[in-house]
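As structure tokens, the structure follows; a few thoughts come after it.
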Amino acid sequence: SDVFMWLAVVIACQTFEASSCIVMGNEKNLWYTRLECEQDAVNMATTLISNGIYAKPNCFKVGESA
């Protein structure tokens with residue numbers, strides 16, 4: 001079976017308008033499991049939300065096309 005690495009990504013928005021959004025990836029930490037990645041993504045999003053930013057965490061397999 002293939003071994004994948006996972007990248008934690010958060011879409012962060014100042015308002016509900018898409019033009020206020022940016023996508024941030026934690027490229028310094030790639031994870032071997034989706035669970036580790038999800039924990040990292042949720043931590044990133046929680047920090048943003050606590051600062052008044054709308055945030056949605058997600059994980060992507062590294063090397064896979066969208």
Side-chain angles (χ1 to χ4, degrees):
S1 65
D2 293 330
V3 176
F4 292 104
M5 298 293 288
W6 294 88
L7 174 65
V9 175
V10 173
I11 183 167
C13 307
Q14 290 183 313
T15 70
F16 286 122
E17 294 181 23
S19 62
S20 77
C21 299
I22 61 168
V23 177
M24 298 182 295
N26 189 3
E27 66 277 356
K28 293 183 181 174
N29 288 313
L30 296 178
W31 304 103
Y32 286 105
T33 70
R34 185 177 182 104
L35 180 60
E36 289 175 309
C37 178
E38 288 172 349
Q39 291 169 340
D40 187 34
V42 167
N43 287 341
M44 291 167 56
T46 300
T47 300
L48 291 165
I49 291 166
S50 70
N51 286 294
I53 303 293
Y54 302 104
K56 172 85 169 104
N58 206 341
C59 288
F60 294 97
K61 287 180 184 178
V62 173
E64 264 198 348
S65 58

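Checked against Pro57 for a side-chain contact (heavy atoms from CB on, under 4.5 Å), the options Leu48, Val42, Ile11 give a single hit: Val42.
Rounding to the nearest 0.5 Å gives a distance of 13.0 Å between CD of Glu36 and CZ of Arg34. Going from atom CD1 of Ile49 over to atom CE of Met44 covers 11.5 Å, rounded to the nearest 0.5 Å.
Residue Ala8 comes nearest to Cys59 through the heavy atom pair CA-SG, 4.3 Å, listed as atom of the first residue, atom of the second, then distance.
Looking at Ile53 and Gln14, their side chains come closer than 4.5 Å, going by heavy atoms from C-beta outward.
Annotation: side-chain hydrogen bond (donor to acceptor under 3.5 Å, both in side chains) contacts involving residues 44-59, sequence neighbours excluded, are absent.
Listed by chain and residue number, Asn26, Trp31 satisfy the side-chain hydrogen bond (donor to acceptor under 3.5 Å, both in side chains) test with Asp40 (two or more places apart in sequence, or in another chain).
Linking Ile, Leu, Val, Met, Phe, Trp and Tyr whenever their side-chain heavy atoms come within less than 4.5 Å puts Tyr32 and Phe60 in one cluster.
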